[in-house]
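In what follows, chains are A, B, ... by sequence order, proteins preceding strands, each numbered from 1. None of the values given here were measured: they were computed from a predicted structure.
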Protein chains: 2
Amino acid sequence: MSSHDKFILYWLDESRAHRILWLLELLELDYDVDVYLRHPETWRGPPELFHVHPLGKAPILEIKFADGRPDLQLAESGLIIQYLLKHYDPHRKFSPKGEREQIKMDYYLHYAEGTLEAILMSMLINSTAKRVAPFGMRTLAKVYSRGVNNGYYIHEYHLNLRYLENQLRNEGTGYFVGGKLTGADIILSFPIYENLFDNEAGVKECADETDLFKKYPNLAAWCDKIKNNPAYMRITEMMRNKVDEMYAMKKKRK
Amino acid sequence: MSSHDKFILYWLDESRAHRILWLLELLELDYDVDVYLRHPETWRGPPELFHVHPLGKAPILEIKFADGRPDLQLAESGLIIQYLLKHYDPHRKFSPKGEREQIKMDYYLHYAEGTLEAILMSMLINSTAKRVAPFGMRTLAKVYSRGVNNGYYIHEYHLNLRYLENQLRNEGTGYFVGGKLTGADIILSFPIYENLFDNEAGVKECADETDLFKKYPNLAAWCDKIKNNPAYMRITEMMRNKVDEMYAMKKKRK
């Protein structure tokens, strides 16, 4: 694989795509970002995303190979990170050393989407649903959604947060695998940092939890590392500007 | 890796673990199954599963290496299948040929758990929740859960089933990747065959859909292949007997 390969990232605001952008920036690859905005009410991605991939989701990563092989389109965050690290991280800057650590990192690439994200999304969707319940049913909807969340998702949420806190404590390095930032931290940045630690109001509403930072000190310290990572700060600032610009243009057009 | 390595599969009834057992059988590996039964009311796994792994889930696969390396414990179905095929399928009987097909198979190993299963589980949990709603609230709970399901999950369910039907049609071989059974079919056997096509009453209840087999002929034909696969039939029969035995023993003890 060549460092002259080009990448197009289909990026949706407040989505799982941000961490793929982060990895492209960390690996210093030659990328463009194609920005999509969520529908302000339904919170879904826009219809245009379906022109990119039949499931209308982000992130999608397209690779244009310098050696003339046909373009490659990748979906699923875990697979995209696995592919980028395998082919574009020759000095293994963000890949751990040794087979056991590699398996541990690959585990998190599956776990983050296969287990953790499913719980958080369901908790969030149930919590949002009570706000869009028809007038006259809101209190009952609230009781019911709290029931579903308490009955299943919040139990799983606590279980997984305790597990992740222990994993960090046992690893003892401040990172999920070994002594440096790897694909494990990159994939977990969305569910742990963006969905939870950077979303205190949402966590309060869904899980009635207000002491995240005290209760999970290892996770909190890890989130600080994400937030202050120079490449992460760069892409976050860049995308904030792009999204603001797009909203301003939309307003103008009206 | 040696064919004398030994495997212990922690298997929970009616769970994602069944397809890992299927793969162990297909690869003719030397395995034992450790059987766990769900709690008949909460439908959760039993507390004993937490002694195996801190998240209390199945499947967990333990590998005891013949060459004396320390045991390896694997979680997450996609990772387990990836690992088994990489190390124990030397003639690539269940791994596709060529890089593009390999990427496609790896995609399904992430997609099945990262996208599809999350939708089906949420739909099912919301649908179950209405049955356990407190007396006097059941009708409202039903309206509400139907609202959440209609508002989000059922939309995603149809989108994904149409997508999968098209993927099979475009592949044109009766399998998800290339012209033979691969890890892609194995991981999709749980969400597509076990959760949906072998669960007509559940699908009727969750999604109000009764014509699965007519509407998705390619998926229906694919399910027939799973159901009639000799190794799949063998493990299904074997586990049915084991589970029946365990229930009989439980009854006796009471």
Q. If every non-hydrogen atom of B:Arg100 is compared with every non-hydrogen atom of A:Asp71, which pair is closest and at what distance?
A. NH1-O, 2.9 Å

Q. Is there side-chain contact between A:Glu113 and B:Glu113, with heavy atoms separated by less than 4.5 Å?
A. no

(Q) How close do A:Ile103 and B:Leu74 get, counting heavy atoms only, and between which atoms? (A) CG2-CD2, 3.6 Å

**Q.** side chain to side chain contact (heavy atoms under 4.5 Å, CB included) assessment of B:Leu159 paired with A:Phe50
**A.** CA-CA 11 Å; B:Leu159 181 63; A:Phe50 285 86; 3.8 Å; yes

**Q.** Pairwise distance CD(A:Glu76) to OH(B:Tyr111) - rounded to 0.5 angstrom
**A.** 8.0 Å

Q. Heavy-atom distance under 4.5 Å between the side chains of A:Lys57 and B:Glu156, does that happen here?
A. yes

Q.
Which one wins on heavy-atom pair count under 4.5 Å against chain B: A:Ser77, A:Ala112, A:Ala75?
A. A:Ala75

Q. Do B:Leu79 and A:Tyr108 come close enough that some side-chain heavy atom pair is under 4.5 Å?
A. no

Q. If you draw a 6.0 Å radius around NZ in A:Lys215, do more than 12 non-hydrogen atoms from other residues or ligands fall strictly inside?
A. yes

Q: Count the heavy-atom pairs under 4.5 Å between each of A:Leu72, A:Thr115, A:Asn160, A:Asp106 and chain B, then report the option with the highest count.
A: A:Leu72

(Q) For A:Asn166, which atoms come within 4.5 Å of any heavy atom of chain B: side chain, backbone, both, or neither? (A) neither

Q) Is it the side chain or the backbone of B:Tyr163 that comes within 4.5 Å of chain A heavy atoms, both, or neither? A) side chain

(Q) Could you report the tightest heavy-atom contact between B:Arg44 and A:His155, atom names first, then the distance? (A) NH1-ND1, 3.2 Å

Q: Among the options B:Gln82, B:Glu117, B:Gln167, pick out the one with the most heavy-atom pairs lying under 4.5 Å from chain A.
A: B:Gln82

